[in-house]
Every structure is written in C-alpha cells, then in structure tokens.
There are 2 protein chains.
Amino acid sequence: MAVAERTLSISEVSARTGLSAYTLRFYEREGLFVQPVRRNSAGRRVFTSQEVEWLRVCSKFRDTGMSLPDIRRYVELVREGPGNEEERFALLRNHEQKVRSRVEELQQAHEVIEAKVALYARHLAAGSADGLWRNGPECTVPEDAQDPPASA
Amino acid sequence: MAVAERTLSISEVSARTGLSAYTLRFYEREGLFVQPVRRNSAGRRVFTSQEVEWLRVCSKFRDTGMSLPDIRRYVELVREGPGNEEERFALLRNHEQKVRSRVEELQQAHEVIEAKVALYARHLAAGSADGLWRNGPECTVPEDAQDPPASA
DNA sequence: CGTTGACTTCGAGTCGACTCCAATTCCTAG
DNA sequence: CTAGGAATTGGAGTCGACTCGAAGTCAACG
C-alpha cells in the first residue's frame, strides 16, 4: 500500500517553507512536530510533504502571533489522537479571535497613520508644511479608554 | 501669554497613555521626546498634554511595528524644525505602506485560520471529528512563492 | 585517497523592547 | 518628627524566538 513517498532534506524543506534550517531544527527541539522527525541511514533528517504542509500551517500560526508553547499544545493534542477535537477546536477558535481583533486594531492604527500622512501631503502641496508641529503632533489620537488593566 | 499649563507627573502620564512609568523613562533615555523632559524643583519629571499627545501617536507607531530607531529618526527631524518636512513625510509614508501590507498579510493568514476553525466546527457538528488529521493538517495553505529573499 | 559541501550536535549568543532592582531623595499627612 | 508613598538614578535582568559557532560525520566526485 504505502508507496515510499518522496522525502525531502532539511534544505529542501527550508526552501519550500521559508523557514531556515536553523529554525527547523529548533522547531524539532521545541516539539513542534507531530511525529518524531525521521532520519536516514546517515543520521540526516528526512521530511515528508505532510510535514511541509504542517510547517506551512505552523508558519501562519507564528505569523499571526501564536506562541511556540501554544503551537506545541496543539501539536500535543494532535499527537494524542482522536478524542480531544473539542479542545483543539477551542484552541484554534481562541487564536482566530485574537487574530481578528488584532486585524481590527491594526486597521485602526493604520487609519491614524494614514491621516497623518494625508495631513503632511496636504501641507506639502499647499506649501505650508513649515507650520507642521508648531506645538505638538498635529494629529490627534482618539484617546480610547486607556487600558484599564483588565481585572483578570 | 503662555498661561502655565497644567502639568502631569509620570504616573499621571502613565495612566493617560497606557505606557508604564518604566517605559516613559526608557523612552526619554532613548531620545523619543522632541524637547528634553522638564523637571520640577524636586527633580521630578513634568509632562505637558502636548507630550501626552505625542506619546499617543508614538504608541500607534509602536503598536504598528515601527522600531524605536525609526521613531527616534522622526523625532530628530521634528527637533531640527521646519525645512525637512519632505523627509518626515517620506518616513511616515513608508511606514504607512508597511502597515498596509501587514494588514493585508494578517487578513490572509486570518482567512486560513478561520477556514481551519470552520473545518473543525463542521466535523464536530457532523460527529466525524475523529477523522481529523488522519495524515497531516487537513487544511492546506496556498503555498505562495516561498520568500525568494528579495535581491536587496 | 582527499576534498568538498551538506549535514549533524550542543550550547551559546543576539536582538529589541522593555522591566525591574536597590539605594536614595523628596513631599505630605499624622 | 516620622512614616509612607511616589519619584529619582544607573545598571542589570528578562523574554521569546531565533541564529549562529565549532567540531565532527558522511557520501560523492575526481
């Protein structure tokens, strides 16, 4: 059945995932692979395309700010096999929510910066740029209730 | 003319900006204030609401990933006074673009994660969750041309 | 056989941005 | 006068996530 699949060296995986070989070894140490990474007769790491798939997902997690411990937790659940899908789901949904709010936050901040850029553009066009920053940053930030350190 | 404005202590500024007193002192050392921070007779820092305004802008910069050196550069330009608005503008626009792409990137990554969450939701609802991760992460990531390290 | 060159290991180093410590000083209230 | 609380300073410590160095191993090529 299981036809011996084409395997990949660490540098090939690096090229396919954008993660450096250093990082791949590091991820292994950190327990971010579901199965222990296999080795060939010479002791070199041998990866499958499934692992590459996972690494791509992993990269998305990382890129969106998921911590290595959280990823490891997810991996552990997968490793334990069927039965804990609820927990995996909770973990994923939780992260998804964080990313969603981060996107919104970033969009807001972006608007502020865009406004500042537009202000400079207007002043430069009007030749009145030397009036910028007479006293204080001339763009005002909403002041949003200043992080009352959430009781928890 | 200049009516002595209400001044603020470091803890008040901290409360209004969400930055810790530690961070405010740190920012001073790092040269992130346009004017040297004034002191009262007891040697304590005294802030104006203009400085609070700037700190809010600063926070937006930081929150969107602008580095301290870049912020310092901007501050230096402001400190030099009128005449370099073009350069300030360039700096701001540059950052604005970075933030814009970051937002897009994050949105894409969010979609991938959302899809994974939806997949879990479907399987859990259908009672077929134990079939998840039979072999590999069951959600596929687009594979986007893997960061060919931009020649520059 | 000798030399590449890609790999291995372990441990240490780096980086940015805080975050905190210890000792000291000052103001205010009791 | 004294105790408490909020500042001050310089320097050190922390944290997460890599990133790298050094020394060694192995297969293949000429």
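In what follows, every heavy atom counts, from backbone to side chain, and hydrogens, waters and symmetry copies are set aside. Note on naming: letters A, B, ... go to the chains in the order of the sequence lines (proteins, then strands), and numbering restarts at 1 for each one.
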- Message: Tell me the interatomic distance from B:Ile10, atom CD1, to D:dT9, atom C1', rounded to whole angstroms.
- Response: 12 Å
- Task: Going 5' to 3' through nucleotides 11-19 of chain C, assign each nucleotide B (protein heavy atom under 4.0 Å from a base atom), S (under 4.0 Å only from sugar-phosphate atoms) or - (no protein heavy atom that close).
- Result: B-----SBB
- Query: Can you give one letter per nucleotide of nucleotides 25-30 of chain D, 5' to 3': B if a protein heavy atom sits under 4.0 Å from the base, S if only from the sugar-phosphate, - if neither?
  - Reply: BB----
- Message: Starting from A:Val46, can I reach A:Leu55 by hopping between I/L/V/M/F/W/Y residues whose side chains sit under 4.5 Å apart?
- Response: no
- Item | Non-neighbouring partners of A:Ser67 that pass side chain to side chain donor-acceptor pair (under 3.5 Å), sequence neighbours left out | none
- Check whether any side-chain nitrogen or oxygen of A:Arg45 sits under 4.0 Å from OP1 or OP2 of C:dC7, and answer yes or no. no
- Query: So B:Trp54 and B:Phe61, would you call those rings parallel, tilted or perpendicular, with 30° and 60° as cut-offs?
  - Reply: perpendicular
- Item | Under 3.5 Å donor-acceptor, B:Arg79 side chain and B:Phe33 backbone | yes
- Query: Mind checking what makes salt bridge (charged side-chain N to carboxylate O under 4.0 Å, His left out) contact with B:Glu87, not counting sequence neighbours?
  - Reply: B:Arg73
- Query: Can you name the salt bridge (charged side-chain N to carboxylate O under 4.0 Å, His left out) partners of A:Arg39, sequence neighbours left out?
  - Reply: A:Glu28
- Task: Quickly work out the A:Arg39 CZ to C:dT8 P distance and round it to whole Å.
- Result: 6 Å
- Message: Can you measure A:Asp63 atom CG to D:dC18 atom P for me and round it to whole angstrom units?
- Response: 11 Å
- Message: Within the supplied structure, the quantity of interest is the number of heavy atoms (other residues, nucleotides, ligands) at a distance under 6.0 Å from A:Gln35 CD; does it exceed 12?
- Response: no
- Item | A:Arg102: partners by salt bridge (charged side-chain N to carboxylate O under 4.0 Å, His left out), with sequence neighbours left out | A:Glu105, B:Asp63
- Task: Mind calculating the distance between CG (A:Asn40) and C1' (C:dC7) to the nearest angstrom?
- Result: 9 Å
- Message: Rounded to whole Å, please give me the gap between CG in B:Leu8 and P in D:dA6.
- Response: 17 Å
- Tell me whether the OP1 or OP2 atom of D:dA6 has a side-chain N or O from B:Ser9 closer than 4.0 Å. no
